[in-house]
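Heads up: the structure comes next, in structure tokens.
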2 protein chains.
Amino acid sequence: MNYENLLREHGLKVTPQRLGILSLMDQKGHISVDELYLNIKDQFTSISLATMYKNVNSMMASSVITEVKIPKQKSRFEIAKEAHGHLLCQECGEFMDIELDLEKIVDDVSIKSKYKLVETSLVLSGICPLCQHSSASPVSIFPVAHSHI
Amino acid sequence: MNYENLLREHGLKVTPQRLGILSLMDQKGHISVDELYLNIKDQFTSISLATMYKNVNSMMASSVITEVKIPKQKSRFEIAKEAHGHLLCQECGEFMDIELDLEKIVDDVSIKSKYKLVETSLVLSGICPLCQHSSASPVSIFPVAHSHI
DNA sequence: TCTTAAAAGAAAATAATTATCCTTTAAGTA
DNA sequence: TACTTAAAGGATAATTATTTTCTTTTAAGA
């Protein structure tokens, strides 16, 4: 995907900092503000934390990115895309998208509540297969631990 | 429900402050920490904000209460109960529980991902029937606006 | 009652986020 | 290509949110 166009289409100026942020999100899938800041300082040694927040906010306001709020964790941000859910391993922190078919539930709730629904946020949490077997392993100190898919 | 027993069952001391917090949550259904603090100061004029946080944290840790993270809003807390979803009106802020049948989705995700799922968090957001009709109404300044159920 | 570990309260410390102000730059226009 | 300007960046201060520390009070069990 071309992030320059993505930004332009949403009426935002194309800056190296924004491209860097989007590129990081693309690589990592989901990333918190501070992870973002830590990682981006390699490329933009003088980038300000204020710039990070300003960009995250402006890109959220124009729907280029989306915030995912996660129980007991800090929010992560992802490039906006069609509705989907998330799956979290409470043990190792693995976090991934899942395809969803919420249509039936959404329709049902729409009818009963008469709400016009525009947004869904679903996070399922549990223990991933690897952590189920590595029995006595305590909760990881590290926010993103082993990768195993 | 008897909150004294609820606290005892979870190994927490019964204090007037905790009972006040639980009673407020019971009345309001869902409430943020600062709303909680504002409201509780009437009864406990000298209650400390630190006490609020400490109690919210201890009652969360022992699963007496649950945090609900909501897109673009501050978290609200509720007395823990069986799994359910939430419905938010983005216009007036109305916020309510909804019954859910996520079983099919949860089973499906469990099988595909091999995760052992233990927690679900679903928030549906949209426009409530009243706000749909009061056409040009802008987003309310007030966190909890008209009540209409 | 007496004992004690947990909780409350006050204040300070930390963390997270936003605002301010001045400089720089992207992007449209001459 | 240079000029103009509104938007964005960077540094820092200010706010806001949350946690920690330390001392006093209190719930709950002996």
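All values below come from the heavy atoms of this structure, side chains included, with hydrogens, waters and symmetry mates left out. Below, chains carry the letters A, B, ... as their sequence lines are ordered, and counting in each starts from 1.
- Whole-Å rounding puts the A:Phe77 CZ to C:dT17 C1' distance at 11 Å.
- Residues A:Leu87 and A:Leu102 share a single hydrophobic cluster, defined by chaining ILVMFWY side chains whose heavy atoms lie under 4.5 Å apart.
- For B:Lys54 and A:Pro16, each mapped to the nucleotide of DNA chain D holding its nearest heavy atom, the one lying further toward the 5' end belongs to A:Pro16.
- Two residues, B:Val14 and B:Lys74, neighbour DNA chain D, and the one matched to the more 5' nucleotide by heavy-atom proximity is B:Lys74.
- At a threshold of 4.0 Å, the pair A:Lys112-A:Asp108 counts as salt-bridged, since one of the basic side-chain nitrogens sits closer than that to a carboxylate oxygen.
- For A:Asn57, a side-chain nitrogen or oxygen approaches OP1 or OP2 of C:dT18 to under 4.0 Å.
- Distance A:Leu38 CG to C:dA15 P: 14 Å, rounded to the nearest Å.
- For B:Tyr53, whose side chain is taken as the heavy atoms from C-beta onward, the closest listed nucleotide among C:dA26, C:dA7, D:dT19 is D:dT19.
- Checking the phosphate oxygens (OP1, OP2) of C:dT25, no side-chain nitrogen or oxygen of A:Gln17 falls inside 4.0 Å.
- An OP1 or OP2 oxygen of C:dA27 is reached within less than 4.0 angstrom by a side-chain nitrogen or oxygen of A:Arg8.
- Here A:Thr15 reaches the OP1 or OP2 of D:dG9: one of its side-chain N or O atoms lies under 4.0 Å away.
- Among the atoms of the strands shown, base atoms are found under 4.0 Å from some heavy atom of B:Leu49.
- Residue contacts for B:Ser46: at a heavy-atom cut-off of 4.0 Å it reaches the sugar-phosphate backbone alone, with no base atom in range.
- Out of C:dG9, D:dG10, D:dT20, the shortest distance to the side chain of B:Ser48 is found at C:dG9.
- Straight-line distance from the CZ atom of A:Arg18 to the C1' atom of C:dA27: 13 Å, rounded to whole Å.
- Distance, A:Leu36 CG to C:dA16 C1': 15 Å, rounded to whole Å.
- In this structure, B:Tyr37 atom OH and D:dT19 atom P are separated by 16 Å, rounded to whole Å.
- Under the 4.5 Å side-chain contact rule for hydrophobic residues, B:Ile105 and A:Ile70 do not share a cluster.
- B:Met59 places its CE atom 17 Å from the P atom of C:dA6, with the value rounded to the nearest Å.
- The aromatic rings of B:His86 and B:Phe95 sit parallel to each other, their planes meeting at less than 30°, with 60° as the upper class boundary.
- Heavy-atom nearest nucleotides on DNA chain C were determined for A:Leu12 and for A:Asp34, and the one closer to the 5' end corresponds to A:Asp34.
- Between A:Ser58 and D:dA8 there is no side-chain N or O to OP1 or OP2 distance below 4.0 Å.
- If you chain together hydrophobic residues whose side chains sit under 4.5 Å apart, B:Ile31 and B:Val68 never meet in one group.
- Here the P atom of nucleotide C:dG9 and the NZ atom of B:Lys41 are 13 Å apart, to the nearest Å.
- To the nearest angstrom, P of D:dT19 lies 13 Å from CE of B:Met52.
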